[in-house]
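Comments concern the structure below.
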Amino acid sequence: MNIMLSLRSFHSSRNYVNIVCNTTSRIEERRFGKYFSIGIQRVRNRYRYLSTNPTVSKHRKAFDAFEKSRGSSERHGIKLGSILLLTIPVTTFCLGIWQVRRWRWKLKLIDEMEQKVGAAPVEFPINNLEELLGLEYSKVRLRGSFDCSRELIMGPRSLIATKRTTESQGLISNSSTMSGYHVVSPFKVIGEDLTILVNRGWIPSRNYEKFKYDSSDEIEIIGVVRKSENRAPFMGKNISGQHGLWLSRDLPAMAKYLGTSEIFLDLSSVVENKIRDLKHIPIPGQTRVSLKNDHVSYFFTWFSLSAVTSYMWHRLHILKKPLR
C-alpha cells in the first residue's frame, strides 16, 4: 500500500517538479548563485534515477494496472466490498442445497430401517458372527436359555406401546408416560459356546427379582440386533455393582460385567412361552427406532437467508438505493 501511495505521488508530481525546477532555476539562480543550481541539479538527478530504476518501473506498471481496473469497476458500479458481501447469499444458498441432500439421505435411511424392522426374522448367523454388523434393526431367531442369576437394568426408560399394552403392533410405536427400566440378561445359545446379551423388556421399577425366568427352560426367541450407543454429553456414567444400573447401552462394558460376548438383542417375542403369568414377564418389544429429521427446517432457513441477503445486495449495490 505504501508503494502504491508513493507511485501515486511520484506519478503526479514528476512533471510538476520538472516545471518548477526549470522555472525557479532561472529566477533564483541570480540570487543564490551556484548553491541553488547544485540543489536543483540534485533534485533532477533523484527523479531521473526513480524514472529509470527497473524496480520502480515494475511497481509503476502494477500501479497503472490497478488504477485502470479500479476505474473500470467504479464505472460499472461494482466495488471490492460489494463483491465480498455477495459471498453471504451465495454461501447460504450452498448450505441450503447441502441440507436438501442431507434430507433426502435421511429419508432413504429411515425407509431402509423401516424395511428391516418390518421384514421377517432370519436365522441367527451362528457360523459367521461378523454378519451381525450389517443386521442392525433386523430380526433374528435363535434357541437357548436365560441365565437370570446375573442381570443388570438399564434406564430409566419410557414404556413403548406393544401388543400387551395396546392393540397396536410393531416396533415403531409411540412412547407412553410410564417410566421404568429394561432388564438385560445373559442368553446361552443351545449347542454353541456362545452367550449373548438380551434385553428382556420393560419393568416398572428397579425390583427385577420377581421378573426372572426359570434358567432351566429352553426357549426360542425372536430379537432385534442392536449396537452400542454413545453416551449423551450430560448423561451420568454407568454404575456397576450388585444392582448394576446402566444409563446407556455400552456393549463392551456390559459384556465384561456379565461375562458374555458383545452381542445385544432386544427381545421381540418368545415363540414358545412356557410362563403363563404375564405379570411376572417384562414387556418385550422395547426397540426404539427414531431418527431426527430436522433438515426441512434447516434448508428453509438457509434459503430464506439467501433470498433476503440477495435482495439487500441488489438494492444497495445495483439499484443504488438505501435499504430504508
Side-chain angles (χ1 to χ4, degrees), residues 110 113-114 116-118 136-137 139 146-187 196-214 219 221-258 260 262-270 273 275-294:
I110 293 175
M113 292 176 61
E114 290 179 348
K116 287 183 177 181
V117 168
E136 188 177 17
Y137 295 109
K139 296 178 183 178
F146 284 103
D147 182 5
C148 296
S149 63
R150 45 197 180 103
E151 294 180 319
L152 58 87
I153 57 176
M154 183 173 58
R157 295 288 190 274
S158 58
L159 174 63
I160 298 177
T162 60
K163 185 177 180 180
R164 281 178 52 184
T165 55
T166 64
E167 294 297 324
S168 63
Q169 298 184 13
L171 294 176
I172 301 180
S173 53
N174 296 325
S175 299
S176 68
T177 57
M178 299 178 63
S179 180
Y181 300 87
H182 292 176
V183 182
V184 180
S185 306
F187 186 83
I196 65 175
L197 296 169
V198 175
N199 174 17
R200 294 199 286 126
W202 182 90
I203 59 175
S205 65
R206 294 191 185 184
N207 184 16
Y208 55 88
E209 295 295 330
K210 61 181 180 180
F211 294 95
K212 292 181 178 295
Y213 278 116
D214 186 357
I219 57 177
I221 65 172
I222 296 176
V224 180
V225 180
R226 301 302 306 274
K227 294 181 180 180
S228 185
E229 64 181 353
N230 296 325
R231 184 168 61 92
F234 299 101
M235 182 181 292
K237 294 183 179 181
N238 294 319
I239 304 172
S240 60
Q242 185 177 1
H243 300 285
L245 174 62
W246 301 77
L247 303 179
S248 60
R249 189 173 56 253
D250 187 355
L251 294 191
M254 287 181 173
K256 183 178 180 181
Y257 178 71
L258 294 178
T260 65
E262 297 180 11
I263 300 175
F264 192 97
L265 300 181
D266 281 337
L267 180 63
S268 178
S269 62
V270 179
N273 193 358
I275 302 177
R276 301 304 177 184
D277 188 3
L278 297 180
K279 294 182 179 179
H280 294 85
I281 300 177
I283 300 177
Q286 300 301 307
T287 301
R288 189 183 305 275
V289 182
S290 60
L291 287 176
K292 291 185 64 176
N293 191 6
D294 298 331

[atom1]-[atom2] distance between [X] and [Y], expressed to the nearest 0.5 angstrom:
X      : Y      : atom1 : atom2 : value
Asp266 : Leu197 : CG    : CG    : 11.0 Å
Leu152 : Asn199 : CG    : CG    : 9.5 Å
Ile222 : Leu265 : CD1   : CG    : 11.5 Å
Ile281 : Leu267 : CD1   : CG    : 10.0 Å
Tyr181 : Arg157 : OH    : CZ    : 10.5 Å
Ser158 : Gln286 : OG    : CD    : 8.0 Å

- Item | Minimum side-chain heavy-atom gap Ile196-Thr260 below 4.5 Å |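 The answer is no, as the side chains (C-beta and beyond) never meet within the 4.5 Å cut-off.
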- Would you check if Arg226 and Arg249 make a side-chain contact, meaning some heavy-atom pair closer than 4.5 Å? yes
Heavy-atom closest pair, residues [X] and [Y]:
X      : Y      : value
Ala255 : Glu262 : CB-CG, 3.7 Å
Leu247 : Gly155 : CD2-O, 3.1 Å
Ser268 : Lys139 : OG-CE, 4.4 Å
Trp246 : Ala253 : CZ3-CB, 3.6 Å

- Using atom types as modelled and distance alone, determine if a side-chain donor or acceptor of Trp202 lies under 3.5 Å from a backbone N or O of Ile160. no
- Task: Sequence neighbours left out, what passes side-chain hydrogen bond (donor to acceptor under 3.5 Å, both in side chains) with Ser185? Give chain and number order.
- Result: Glu151, Arg200
- Query: Would one find more than 12 heavy atoms of other residues, nucleotides or ligands at under 6.0 Å from atom NZ of Lys227?
  - Reply: yes
- List for me each residue that meets ring-ring contact (aromatic ring centres under 6.0 Å, His included) alongside Phe187, sequence neighbours excluded, and say none if there are none.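 Scan of Phe187 (ring-ring contact (aromatic ring centres under 6.0 Å, His included), adjacent residues dropped) gives Phe146.
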